[in-house]
Structures are given as structure tokens and as C-alpha cells.
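A short write-up of the structure that comes next.
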Amino acid sequence: MKFYECIQKFFEHKFENNQSYDINKRRDFLNKFLHLGIPTTKHEEWKYTNLTFLDDLDFNFVHDNQKFLSNNLLAELEYHDFSEFYFVPIVNGFYLDSQATLNGFFDVQRINDESVFSSNGSLLNFERFFNGNNPFSFLNLAAFSDSVFLQIKDNTVLERPIVLQYNYIFETSSLSNTLNFIEVGENSKVSIIILFKSNNASKVFANEYINLHLKQNSSIEISFLQYDLSNLILLNNLNVVCDIGVFFKSNYFSFETQFVRNNVNLAFEGINSTAKLNGVYIVSSNNFVDNHTMLYHNQPFCTSDEDYRGIINEQARSVFNGKIYVARGAQKTNAYQSNKNILLSNEARVYTRPQLEIYADDVKCTHGATAGFLDQDSLFYLTTRGIGKEKAKALLLSSFVSNNLERVEQSELRNILKELVAKKLNLENIYFCSAINELSKV
Amino acid sequence: MEDNEILKEITDKEYKYGFVSLIEQEYAPKGLDENIIRFIWEKKKEPPFMLEWRLKAFRYWKSMHEPHWAKVSYPPIDYQDIHYYAAPKSYKEKPKSLDEVDPEILRTFEKLGIPLREREKLAGVAVDAVLDSVSVATTFKEKLEELGIIFCSINEAIRNYPELVQKYLGSVVPYTDNFFAALNSAVFSDGSFVYVPKGVRCPMELSTYFRINASETGQFERTLIIADEGSYVSYLEGCTAPIRDENQLHAAVVELIALKDAEIKYSTVQNWYPGDKDGKGGIYNFVTKRGICLGENSKISWTQVETGSAITWKYPSCILKGNNSVGEFYSIAVTNNYQQADTGTKMIHLGRNTKSRIVSKGIAAGFSNNSYRGLVQISKKAEGSKNYSQCDSLLLGDKCGAHTFPYIDVQNNSSTVEHEATTSKISDEILFYCNQRGISKEDAIGLIVNGFSREVLNQLPMEFAVEAQKLLSVSLEGSVG
């Protein structure tokens, strides 16, 4: 019950005094959230995602910009690994404009409640995604602390990626909600990297939303990198609306995450669009990672391709829930979905649920899911070639995820990911070709 | 335009078994309370333990709510507006031989293509015929008795073999299992009972034919099959109902128990009245079927061809408890007009080195919705288990829907689970190829649908395979995707 108490307390005290908030709207959304409540495992979309621990946690809501600035926490702020890139930092739920590196081809603005909620506001396109399947979407709308609107202008190709970095450097248990919007203009192309960083000092519950609007003929690669988040409960939500002729690609990488749920809702609202969703998760100890994708093929001639792979060790658990919805009349749809898992320990658990809901007949939809252990024959083959069992295992595992890593177009990010994976799999510096080179020397 | 005509032709197709037999019926009053349950119990002349069990189930049922998670929609069912018991008036005691059976009833079954007399002469299949709430005839009883096989109505079994029934009834599907299982446990009237003793291989197919004849009734049958160590039995089930504007409820429970080294093969051709082309009438088919592989090396295989019913809600499942046991599920579900099917299976792996295989083929036409919903669960102790699932859907027409909802839950690292599914229409390339070879569009589609469902049809016993194939060609003749 504590969780609800925190919310109530927060709304009664701080929140109502804040002049810039649209109290009525926010109240409505809060009531919707309270009405739905924290989803239990009886809820179909949360069947394998147990949130009962939330009840006992005592969170502070983030709603005070000053407090965070007055602290000397800024000093702790670790800068990102991509110093060459455009940088949009969000620290403890607030956009930190003083640290941003920008460029004239795109705009980053803080927006207020009015421009979010008004009848032609930023939220308009995305309202459909805020529904009972995810009660936390209403919590976000009721309690978001800051909202950033990132706009890439028409006919722009950004050569360097934009890094949107979420930093959590709290001293006490806190709940962070931000509601961000990204719009990619017509014929534009951009690569966005979303980084999550935490000092892991206290328990943080982050319920973040990015609403992405892709205009005609635009192209985006959006990559989420989540690693070493040992004290973060992360609900990472992405809502996407695609106009005509859009190319969308997402990469989700989760390594060593205490509790992560990645929700992707994507709607094709124009013809001839393509969406590629790519994901790798490598988890161990008592980590939990949950990838939920929901693709609405509302228009004909669209293609979607999902490929998620995971390695689950020790007592970790992973969930994949993919749903493809093909609306009546969305003919010539191609939708592919695949989820493959390797379990390395007897305590690990995998739940996978690839679903299809199809109302048009001229479609090609497939899905596949596997869960299993390392191929013993391959392992044996490698050991007969004089490769130690551990190394052989690592080689096989790295090749299992290598395809998905290679799909990342952004080369700097790809290299970083490869290093991370190599480190995770105790491959040290060996990776792919370098591994083979080293072996040939032996 | 040609496509439209052909589609119209299928949707207009009449249901072949929709006639009503004029048999004088005896009903229990409408509604459901403890008195009705006592009435059924008295009618059935059951021992006291059954009354207690039924009442327990009924009380539990009252505390439950109708489940709505399945992808089907229907107006609320008034459970007090149904006759829970209906029997032909001429029926006092189950006839000893076919000569004593009411000729009208015999004619009914003959019309359905199950000439009981002929079946008796031509060796092959032993039939238990169930009309509404009672079993009217069981053929080949003596011959089976020689081998020690018990094949009778469940009502006879309760009276004659209470210890077997008491031991196994509700052991696989307890009355607490779900809403419809609880309802069935409270009011079930008849069904089949099979017991195959140790080491006996049942020499013929056992078969039950269910027929709903009376109006405003529900049929609640219960089937219990026990295969003792090292035995084998193949069981077939078929069903039809007359054309009526009302929706009738059918809530059955089937329990299979396979002991060590035993094998049970259970085949269903379900052809309840599916409703007319506007979706009026039809049977609501809410069935709980579950088998347990209790002993080592046992095997349970479900095969189903689902073409009827306005609503199908059915998940024949296997609990693989014994080590090295095997579960199989083969299904073809065809929906047309406004039919809705939500069907699939559950494979619960508990024992070591257990294997399961799921092959599901869904064909949707008209305005229908066809869903596959399945669970594969590999528990921690089920080391070295394997599962392979395949579910394919074929869409004919652009107004129908095909859905797949697989649930996969793996809890150890020595097992493998594979799942794949495809959804598509009949591709123009394949049709064109057939046309090129001088095969007409209609024949080509027949050929493709047949090929699509071959893997499942092959699993059916000979007698049924022919019937099922015919059924498929009838319901999908000339359809063009």
C-alpha cells in the first residue's frame, strides 16, 4: 500500500502548488491509474512480470528541479562515452540544458503541460497507446516531471547521432517520470542513442516515455543501451507512429539489469513502411528483463521484422511478448518475429509469447521461438579442435548474438556493444575475427 | 467476381445433420439448483458418493465466474434457462441389445451415417451412442468383455465399477479446475467409460457418437478412459446437433489416464451445428479435455478435426508426469461464417526426458475468427525434455481473422522448445501453377487445403480420416483466398 500512499501524499502536497501544471488533466490521469492499480500477474500483459514488490517500496516523487541542482550531485554526473556526438542529458527527471550539445538542424525544447495536453498538442498522436494494458502510462501522464520535445527538421540528414542520456543520481529512493517527444521531419534521417545510467546508490523506479513521430520518408535508428543498472526498476516505453514510407529500426541491448521492461508500441499509419526491431539481452544473477512489443499493421504494404535473442544465466528470468496485429484491409503485410533463448543454468527461466492477430488475408506472417541450451555437438567439435571448453562456450554464445550486433548501423555504438558483449562472455579482447586470428596463431 | 460467387456458395452451404428426430422426450425442469442435481442423481440411480461429489462441485461452481479471457464473444448465457436433463421417453433402462432400442433412435443414427446394426456386423468399430443425456446403445460389448476391456456408458460404470470411478473421476480434471468443468461435474448425465486392463491391446477402435436432439437443453457428457500398464486403446468421438435458432450449451469433460507403458489415442471429429450464415444459432462448445501420462513411457495423442460449433473453447492437454512419456496434439480447426474458435493445447512437462509435439492447422473463412492458444511448460525437474510446436493458419477471404497465442515457459537448461507459426493465404503462384497444369481453381484449392492439413489427417484412424476429409472438402469447397 505504501506505493499508493506515496502517490497520494505527493499529489496533495507538492503537486497542487505547482503553477505550471494542468491540475485537472493530471488528476484525471491519476484517477485512471488508481482505478487500474498496479497490474498483477493476473493481467494478461503482466502475466510474467511480477510487480508486487512495488507495494512495499517508499518512493519520493521527483518534482523539484531546484533540489537536484542545489545538490552537489552534478559532480558525480558521469559523461557519456560518445564525446563526439550531440548530447541531450536528462538528469533525475529533468532536462539539463546547460550540458546539452546541440546543432542548428534540430531543436530541443522543454514543453509545458499546455502544449502537451491541448487539443492539438504533442500527445494527440499517441493517445491511443495510453490504455489499460499499461496502467503506468497514466501514472506517467499524471506525474511527469519534465517534458522535452526533440524535433529534427525536414530534409535533414544528421551524420552524428544524438545521445539522449537518462541519469539517475539520487540519494534516496525515488520515482522518475519523464514524457519526451521526438519528431523526425520529412525525408530526414537520424540515429538516436538512448543511454541509461545510474549510480545505483538507491532504489529508483523509472517510468520513462518516448513518443516518436516519423514523418513521411524519414528514417531512424534508435538504440537503447541498458547496462549495470543494479538498483533501477526501469519501465522503458517507446510509442511510435509511422507515416508513409518510413524506415524505423530499434536496437535494444540489456546487460545486467535488475528489472527492465521495454515496451514498444508501433503503429503503421501510412503505406510502404518498414520496421526492424532488434534486441539482445544477456542477464545473470537475479536479473529480470522483459521485452514487450506490439506492432499495429494498420495500413497495407508494410513490413516488420523482429529478432530478439537472449542468454540467461544463474537465476535470471527473461520475458518476450511480441504481438503483431494486422488490421482488416492491411493487405500485403509481411511480418516476421523471432525470439531465441539460451539458458545456461538450471535456475534460469524463460517465458516467451509470440502472438499474431490477423484480420487480413493477403499477408505473410511468421513467428518463431526457441529456448534451449548450447548445442553439444558444436561444443564437442570445438573441444576436439583443442579449444578449451570455456572458450568454446564463449565463442558459441558470441556467435549466437553476433548477427544482432552486426545489425547496428552506427559503427561506434556497434564497437562499444561488441566490447561489452565480449566482456560479459569473458572473451576479453577476443571477438569474432580477432578470436579466429588468435586461434590460428596457436 | 468469380471469387465472390464461390465464397457465397460455401457460406450458403447447408448443415447436413441439422434434422430433428421426433422422439418423445422427457425433461428435467429448466434451471439449476440442488434439487435438479438430486433429480439427475436419482434418474441415474447412482451411489451416494456421487451425489456428494456433484453437490460439492455445484457449490463450488456457484462461487465462480464465467471466464472471458478467450478470444470469443457471445451474449451472456442464462444458466437457469436450460434443461439439464433430457432423455427419450421410451428410455427406461438401457437396452440390453440393439433389438430393444427404439427404432426411431436407430433411424436417427442411421441418418447420421452411423448404422449401429451394420457396425455390429462389420467388425471394426465399437460404438457407444449418446442421445442428449443418455447412452442409448453400446455395440460389441461382449467381444470386448472377453479381453477384459470395459466399454460402457459412464453411468453404468458408476454403478458397476464404483471403485475404479471413485479412484479416477476428477483426478485429472478436478471440479475446481474451471467454470465449465465445475458445471459439468455437477450435472453431467452420461458419457463413455473405458478401462483397458494390463497388457491388452484393444483390437478395435472404440467410438462414441454424441447427438443433441432435444431443444433448450445442454449436453454435459463426461468421458473417462483408463489405460492400465502396457495397454493400448484408440478412441474416436463424433458429434452433431440439429439446426436451431437458439444457442445450445455443450460443456463436456474428458479425462485420460495412461499408466506405465500405456498408450491412448483420442480422436475427435467435432461437427456440432455451427449456426447459420448470419451467425444465428449453433452450439457453444466449452470443453475441458485433459490426459495424464502417469507412468513411465506412456503416451497420449490427441487428434481433432473441429469444423462445427458456433463457439469452440477447447484445449486438449497432456500432463507428462511419467519419465520418458510422450504427448501429441494434432488439430485442424475450420471456421466459416460467424464461427469463433479458440482452441489449442497445454503440454505440461513434469517428468524427465518427456517429449511433446504440437501440430495445429487453422483455416478461417467468412467472418470467422480462429485462434490457437497453447502453453508449453517445462518444469525444473523435466530435464532433457523436448517440445516442437507448429501452428499454421490459412485465411480465405478478407473478413476473417486468424490468431496465435503461444505461451512458452522453460525452467531448466537441458530442454529444448521450438515454436513456429505462419499465417498466409493460398498464394497466387501456387494457384497459377496448378491452373497451368490443367487443374481448375476449385480443385487446386481442394488440393492445397488437403495438403495443408495432411499432417493432421494422417493421424486419424482410417474410418475417421475418410469422414474428416469429406468434411473438409464440404466446408471449404471452392474457396478462394
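Here the structure is a predicted model, which means the values were calculated and not measured. So you know, we letter chains A, B, ... as the sequences are listed, proteins then strands, and number each from 1.
For A/A369, the parts sitting under 4.5 Å from any heavy atom of chain B are the backbone and the side chain alike. The contact between B/K71 and chain A is made entirely by side chain atoms (from C-beta outward), counting heavy-atom distances below 4.5 Å. Heavy atoms closer than 4.5 Å to chain B are found nowhere in A/K340, neither backbone nor side chain. Using a 4.5 Å cut-off between heavy atoms, A/Q337 makes no contact with chain B at all. For A/Y336, no part sits under 4.5 Å from any heavy atom of chain B, backbone or side chain. Of the atoms belonging to B/N369, it is side-chain heavy atoms, and not backbone ones, that fall under 4.5 Å from chain A.
Side-chain atoms of B/H419 and A/H367, non-hydrogen and from C-beta on, do get closer than 4.5 Å to each other. A/T366 places none of its side-chain heavy atoms less than 4.5 Å from the side chain of B/E420. At a threshold of 4.5 Å between non-hydrogen side-chain atoms, the residues A/N346 and B/E383 count as touching.
Other residues, nucleotides and ligands contribute at most 12 non-hydrogen atoms within 6.0 Å of the CZ atom of B/R352. More than 12 heavy-atom neighbours from other residues, nucleotides or ligands sit within 6.0 angstrom of CZ on A/F53. For A/H35, the NE2 atom is loosely surrounded, since the number of other residues' heavy atoms within 6.0 Å does not exceed 12. Enclosure of atom OH in B/Y74 by more than 12 non-hydrogen atoms of other residues, nucleotides or ligands within 6.0 angstrom is indicated.
Comparing B/S424, B/S371, B/S389 by how many heavy-atom pairs each has under 4.5 Å with chain A, the most go to B/S424. Between chain A and the residues B/T416, B/T404, B/N412, the most heavy-atom pairs under 4.5 angstrom are made by B/T404. Interface check for chain B: of the options A/G368, A/G372, A/A371, the most heavy-atom pairs under 4.5 Å are formed by A/A371. When each of B/E418, B/Q390, B/R373 is scored by its heavy-atom pairs under 4.5 Å with chain A, the top score falls to B/E418. Per-residue heavy-atom pair counts under 4.5 Å with chain A were compared for B/K380, B/K386, B/H403, and the maximum is reached by B/H403. Your options are B/A402, B/G401, B/S414, and the one with the most heavy-atom pairs under 4.5 Å with chain A is B/A402.
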side-chain contact (heavy atoms from CB on, under 4.5 Å) between A/V363 and B/L395, worked out = CA-CA 9 Å; A/V363 299; B/L395 290 150; 4.3 Å; yes
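Between atom OH of residue B/Y407 and atom CD of residue A/E44 there is a gap of 3.5 Å, rounded to the nearest 0.5 Å. Separating the CG atom in A/D361 from the CG atom in B/D398 is a distance of 5.0 Å, to the nearest 0.5 Å. Atom OG1 of A/T370 sits about 12.5 Å away from atom OH of B/Y388, to the nearest 0.5 Å. Separating the OH atom in A/Y48 from the CG atom in B/D409 is a distance of 5.5 Å, to the nearest 0.5 Å. The structure places CD of A/E347 at 11.0 Å from CD of B/Q411, a figure rounded to the nearest 0.5 Å.
Here the closest non-hydrogen pair linking A/R328 and B/K399 is NH2-O, 2.6 Å.
The backbone N or O of A/L344 sits less than 3.5 Å from a side-chain atom of B/N413, completing a donor-acceptor pair.
Interface residues of residues 350-360 of chain A toward chain B, defined by a heavy-atom distance below 4.5 Å and sorted by number: A/V350, A/Y351, A/T352, A/R353, A/P354, A/Q355, A/L356, A/E357, A/I358, A/Y359, A/A360.
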